[in-house]
Number of protein chains: 2
Amino acid sequence: MLRKPTSKETARKPNMREAILAAAEELFATNGFNAVSVRDIAQAAGANPGSVTYHFKTKDGLLLEIYRRHCGPMNLRRSELLAAAKRVRDLQDRLEAVVRAYVVPAFTSGSDLAGGGARFTRLRAVMSAEGNEVARKIIAQTFDDTSHAFIDAIHDSLPHIPRTDIVWRSHFLLGALYYSLVTPDRVSRLSRGEADGGDPANAIEQLVQATVAAFQAPALDQAVPAKRRPVVSSKT
Amino acid sequence: MLRKPTSKETARKPNMREAILAAAEELFATNGFNAVSVRDIAQAAGANPGSVTYHFKTKDGLLLEIYRRHCGPMNLRRSELLAAAKRVRDLQDRLEAVVRAYVVPAFTSGSDLAGGGARFTRLRAVMSAEGNEVARKIIAQTFDDTSHAFIDAIHDSLPHIPRTDIVWRSHFLLGALYYSLVTPDRVSRLSRGEADGGDPANAIEQLVQATVAAFQAPALDQAVPAKRRPVVSSKT
DNA sequence: TTATCTTTTGTACGATAGTACAAATCACAT
DNA sequence: ATGTGATTTGTACTATCGTACAAAAGATAA
């Protein structure tokens, strides 16, 4: 039998708590953790600084809650997309589908609650750059499983490439992904306005295309030995 | 006639100033700008907080001086390597040489004064993630020229690829580069110890190999249209 | 030595940080 | 309507921040 939810369970103004989370997410993602004060967050959310303490106890607690909010849904969505991608028969197509399954949820619109979202991905990028401790802990225990699943799936599509190389290349993928969300304006600037770095669809296509090719590159071990390495030494 | 340098020109203890710069560089690169206090820097350098103010006036001034120290030499070295790379006859080899010319100076040892260095690159990565204003200004006016030179050189090796695609892919390269320096341990972790993410030579080879392949990927425009896009929609 | 200039030290000031907490306010069950 | 627990507000405390500045120390030229 389902009962009416009591006031203990139903937040009266879920808007406030949610507004604080959203404001913090945005501010952290654009300015870093330490550059943003609790008062900044409260003001952006139209709340009182005390409210932040009430809902999340500490500033770290607020960050932790942001991660908790997103990690589950994001990994779920990635798993779904990965499972579907694995069912693609053609090896080349499957590789692309797997990469896409990894990339797409990271770019989905920021206001999207459950999809992960570009804003949360940008937040993760910034936290990883700052070496934030809270983020580091929750990331390692939440995303490594997913990362391994993707690496395995990619390895299945490219059996002749050593796993080590695939790890490196998927690492590069994540770096490129992060950076695309952190500094999209740089793309617009360098392309002299011919490309819009902020357009997610554009970024996804470019990233997927480039990454698939990178994964398909010959393995490192047998690729280099016979060839001379050109133009590395210090003197021109 | 050359005269003995007066005390006005010769710093008596260049060690202190240099030690502060080095300490700040390291701390900023690992923790971000706002997480590090002037007192932290002074302590790490074995100096007094007041010394920092004396030499660099403000905390921003200190960051600015770090950039000034590195930008010139780094761009010079890149230009040299790029010029040499451009002289490589074979198109495939030339592309690799150009990419290497871009990557190598960014990874050279941190204690190396004039080469740019991994530490300074990591610093730039962190500052860009934090959206640091001082860094943004000096970066845009110092590195965009270099970036364009590399993009042009790559375009010369790949005339059939639209410039827009090359801009995107070089953007991905920089993101991968940054991330490799920011979180090298992740590579070690995900490869279960089979790769050392902190080994520069390793990282360089992996990055160059992957990036060359990415640049060589078919152009986006003509690559996609006839094909159905597999497995993107929300439902599995 | 003494005078002068550079560098380092010690300390202090105002601003702002995170957080705690009591009072006020609100929404709802009764 | 009223009481009750959840939330919001206002404010205050302590710590630490960036920076200023006077005094001490060190080095050099005469």
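Each chain gets a letter, A, B and so on, in the order the sequences are listed, and its residues count up from 1.
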From [atom1] of [X] over to [atom2] of [N], roughly how many Å is that when rounded to an integer?
{"X": "A/Phe56", "N": "D/dT8", "atom1": "CZ", "atom2": "C1'", "value": "14 Å"}
{"X": "A/Arg39", "N": "D/dT11", "atom1": "CZ", "atom2": "P", "value": "13 Å"}
{"X": "B/Arg17", "N": "C/dT7", "atom1": "CZ", "atom2": "P", "value": "9 Å"}
{"X": "B/Asn15", "N": "C/dT6", "atom1": "CG", "atom2": "P", "value": "19 Å"}
{"X": "A/Ile41", "N": "C/dT16", "atom1": "CD1", "atom2": "P", "value": "17 Å"}
{"X": "B/Ile20", "N": "C/dT8", "atom1": "CD1", "atom2": "C1'", "value": "10 Å"}
{"X": "A/Asn34", "N": "D/dG18", "atom1": "CG", "atom2": "P", "value": "11 Å"}
{"X": "B/Glu18", "N": "C/dT7", "atom1": "CD", "atom2": "C1'", "value": "15 Å"}

Would one find a side-chain N or O of [X] under 4.0 angstrom from OP1 or OP2 of [N]?
{"X": "A/His55", "N": "D/dT8", "value": "yes"}
{"X": "B/Thr58", "N": "D/dG18", "value": "no"}
{"X": "A/Asn48", "N": "D/dG10", "value": "yes"}
{"X": "B/Ser37", "N": "D/dT16", "value": "no"}
{"X": "B/Tyr54", "N": "C/dT8", "value": "no"}

Which of these, A/Thr142, A/Thr108, A/Thr146, A/Thr121, sits in a side-chain contact (heavy atoms from CB on, under 4.5 Å) with A/Met74?
A/Thr121
OG1 of B/Thr164 to NE2 of B/His155, rounded to nearest 0.5 Å, is 9.0 Å
Would you mind checking if [Y] and [X] are paired as a salt bridge, meaning a charged N to carboxylate O distance below 4.0 Å?
{"X": "A/Arg122", "Y": "A/Glu25", "value": "no"}
{"X": "B/Arg163", "Y": "B/Asp152", "value": "yes"}
{"X": "A/Glu65", "Y": "A/Lys57", "value": "no"}

Residue closer to the 5' end of DNA chain C, A/Pro49 versus B/Gly50 (nearest nucleotide)
B/Gly50
Select one nucleotide: of C/dT19, C/dT8, D/dT8, the one nearest the side-chain heavy atoms of A/Val38.
C/dT19
Counting heavy atoms from C-beta on, name the nucleotide in D/dA20, C/dT19, D/dG18 closest to the side chain of A/Lys59.
C/dT19
